[in-house]
Amino acid sequence: MKRVLFIVVSLVLLSVLILAGCEPAPPPPVGEEVSSCVICHTDEDLLQETVSEVEEAVSEETSGEG
């Protein structure tokens, strides 16, 4: 009897978790920004402006023949 009750309760909880996870999130209100991070990281022009070349430091001790 305990096994049957445990299985039924487990199935009910599993169903609730599945159904709760399937609900889509509401869209942001019109005119509001989603996130400043998302906007900056998806703005291609801004990314190209802020790109900088990284120069690798070459040490004489670690370069040359092995």
Side-chain angles (χ1 to χ4, degrees):
M1 181 68 179
K2 288 182 181 182
R3 285 184 182 172
V4 173
L5 181 64
F6 178 74
I7 291 172
V8 170
V9 170
S10 297
L11 289 175
V12 169
L13 288 175
L14 182 61
S15 299
V16 168
L17 288 174
I18 289 173
L19 292 175
C22 293
E23 185 176 322
V30 176
E32 272 191 35
E33 295 180 359
V34 176
S35 168
S36 60
C37 294
V38 172
I39 291 171
C40 286
H41 285 268
T42 57
D43 185 0
E44 187 175 340
D45 295 330
L46 180 63
L47 288 173
Q48 288 179 352
E49 288 176 14
T50 58
V51 144
S52 62
E53 295 290 326
V54 178
E55 295 180 20
E56 292 185 28
V58 179
S59 171
E60 291 182 18
E61 294 175 3
T62 58
S63 62
E65 293 184 29

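For the side chain to side chain contact (heavy atoms under 4.5 Å, CB included) test, residues two or more places apart in sequence or in another chain that qualify with Val4 are Val8.
Distance check, rounded to the nearest 0.5 Å: CD1 of Ile18 to CG of Leu13 gives 11.0 Å.
Its side chain within the 4.5 Å cluster rule, Ile7 clusters with Leu11 among the Ile, Leu, Val, Met, Phe, Trp and Tyr residues.
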